[in-house]
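Because the structure is predicted, anything quoted here is derived from the model rather than measured. Chain letters run A, B, ... following the sequence lines, proteins first, then strands; residues in each count from 1. Below, all heavy atoms of this structure are taken into account, side chains as well, without hydrogens, waters or symmetry copies.
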Number of protein chains: 2
Amino acid sequence: MAAPQKKTRSTAQKALIRSALETETRFVSAKQLHRRLEDEGASVGLATVYRQLNALARGGDADTITIAETQLFRACSQTEHHHHLVCERCGTAVEIDPPSEDWMRQVAASNGFEITHHVFEIFGLCADCRAAATD
Amino acid sequence: MAAPQKKTRSTAQKALIRSALETETRFVSAKQLHRRLEDEGASVGLATVYRQLNALARGGDADTITIAETQLFRACSQTEHHHHLVCERCGTAVEIDPPSEDWMRQVAASNGFEITHHVFEIFGLCADCRAAATD
DNA sequence: CCGCTAATGGTAACGTGTTTCATTATTTCT
DNA sequence: AGAAATAATGAAACACGTTACCATTAGCGG
Ligand SMILES: [Mn+2]
Ligand SMILES: [Mn+2]
Ligand SMILES: [Zn+2]
Ligand SMILES: [Zn+2]
């Protein structure tokens with residue numbers, strides 16, 4: 001039988017957080033998003049920002065990466081598996097394809113492993129940040 | 001002129017930590033290594049374990065990965081750049097080659113990025129852990 | 001409206017990892 | 001072999017991102 005599946009309610013905070021994240025092209029932290037919301041006059045608790053960002057990530061509506069012990073989020077509507085090319089200065093990110101799945105499975109199998117998942121992110125400097133770094 | 005390069009002293013704790021890490025084939029956390037040391041009768045402070053593991057990593061004598069907000073360490077004598085295939089159950093790891101550097105640079109360049117570094121780890125279950133998971 | 005309960009938000013608690021600083025011990029100097 | 005200089009240690013305090021708690025608010029079906 002189907003799981004009880006508790007029903008979710010639509011709240012103002014949920015909508016605010018979602019739309020704030022969607023207008024952001026960079027990976028942002030919960031704290032950053034929280035500050036931005038209160039700068040815009042909205043009053044949303046930090047705990048709620050964490051909750052909603054995690055919910056979005058769980059539901060596949062946001063990607064997350066961790067940089068310097070801090071989890072960053074970015075809205076994502078893409079359904080296929082992908083990774084990111086991230087500017088380590090400003091957080092701007094571009095979606096990229098994963099390395100060959102066949103190659104990974106091959107490497108794993110030859111060592112007796114069965115793959116469960118993988119992490120892969122390329123970090124660098126975007127054109128803008130490189131230009132800005134010209135002393 | 002050459003950097004002042006402060007001189008390092010050899011201590012019992014440093015040797016203990018280094019050799020304990022070297023006998024370990026799995027990725028281990030500072031806490032795990034600390035517990036193991038005190039189980040063996042050695043009395044070493046946790047802060048010292050952190051310090052020495054970080055020093056080993058900085059010096060290239062240890063690899064580190066982060067899993068579930070915890071930093072794990074493993075001795076490594078390899079000098080070339082590499083990655084790991086890690087059993088997410090027992091921590092056993094195998095060193096693997098990186099994906100094509102040319103391909104990564106190509107992807108980055110076509111988006112105006114200049115690569116600084118990348119993270120890549122494959123997680124899975126090793127043969128032993130798969131066998132043990134047979135209900 | 002009413003009642004049920006999901007959701008919120010302030011705060012306390014948590015876990016990992018770093019910093020501080022008094023104490024210990026290794027190296028160097030005489 | 002002392003003695004002086006100072007790197008290293010260790011216990012506890014701290015930093016900080018994230019989660020848990022729980023009393024209060026508010027969405028939604030009736
Ligand atoms: Mn994405
Ligand atoms: Mn290695
Ligand atoms: Zn940038
Ligand atoms: Zn295993």
> How is A:Ser43 classified with respect to the nucleic acid when contacts are heavy atoms under 4.0 Å: base, sugar-phosphate, or nothing?
Replying inline: sugar-phosphate

Rounded to whole Å, how long is the line connecting atom [atom1] of [X] with atom [atom2] of [N]?
X: B:Leu46; N: C:dT18; atom1: CG; atom2: P; answer: 11 Å
X: A:Leu33; N: D:dG17; atom1: CG; atom2: P; answer: 15 Å
X: B:Leu72; N: C:dG17; atom1: CG; atom2: C1'; answer: 13 Å
X: A:Lys7; N: C:dC4; atom1: NZ; atom2: C1'; answer: 10 Å
X: A:Ile17; N: C:dG9; atom1: CD1; atom2: P; answer: 8 Å
X: B:Ile67; N: C:dG15; atom1: CD1; atom2: P; answer: 18 Å
X: A:Leu37; N: C:dG9; atom1: CG; atom2: P; answer: 10 Å
X: A:Lys31; N: D:dA15; atom1: NZ; atom2: P; answer: 13 Å

Which nucleotide in the set [options] lies at the smallest distance from any side-chain heavy atom of [X]?
X: A:Thr48; options: C:dG9, C:dT26, D:dT9; result: C:dG9
X: A:Asn54; options: D:dC28, C:dA7, D:dT19; result: D:dT19
X: B:Thr70; options: C:dA6, C:dG17, D:dT18; result: C:dG17
X: A:Tyr50; options: D:dT18, C:dA7, C:dT27; result: D:dT18
X: A:Ala47; options: D:dG10, D:dA20, C:dC4; result: D:dA20
X: A:Arg9; options: C:dT8, D:dG27, C:dA25; result: D:dG27
X: B:Lys14; options: C:dT16, D:dA8, C:dT26; result: D:dA8

> Between B:His117 and B:His81, does the ring centroid distance fall short of 6.0 Å?
Replying inline: no

>> Are B:Val119 and A:Ile67 connected into the same hydrophobic cluster when the rule is that any two of I, L, V, M, F, W, Y join if their side-chain heavy atoms are below 4.5 Å apart?
In response: yes

Phosphate oxygens OP1/OP2 of [N]: is one of them under 4.0 Å from a side-chain N or O of [X]?
X: A:Gln52; N: C:dT8; result: yes
X: B:Ser10; N: C:dT27; result: yes
X: B:Gln13; N: D:dA8; result: no
X: B:Thr8; N: D:dA8; result: yes

> side chain to side chain contact (heavy atoms under 4.5 Å, CB included) with B:Asp61: which of B:Leu53, B:Leu21, B:Leu56?
Replying inline: B:Leu56

> Would you say the base of D:dG10 and the side-chain of B:Arg51 have a donor-acceptor pair closer than 3.5 Å?
Replying inline: yes

>> What I want to find out is whether B:Arg105 reaches B:Asp102 closely enough, with some N-O distance under 4.0 Å, to be called a salt bridge.
In response: yes

> If each of B:Thr11 and B:Glu69 is mapped to the nucleotide of DNA chain D with the nearest heavy atom, which maps nearer the 5' terminus, i.e. the 5' end?
Replying inline: B:Thr11

> Between B:Ala12 and B:Thr66, who's closer to the 5' end of DNA chain C by nearest nucleotide?
Replying inline: B:Thr66

> After noting the C-alpha distance and the side-chain angles of B:Lys31 and B:Thr70, does the key distance pass the side-chain hydrogen bond (donor to acceptor under 3.5 Å, both in side chains) rule?
Replying inline: CA-CA 10 Å; B:Lys31 193 165 50 171; B:Thr70 314; over 6 Å; no

> After noting the C-alpha distance and the side-chain angles of A:Phe120 and B:Met104, does the key distance pass the side chain to side chain contact (heavy atoms under 4.5 Å, CB included) rule?
Replying inline: CA-CA 11 Å; A:Phe120 176 55; B:Met104 288 191 285; 4.0 Å; yes

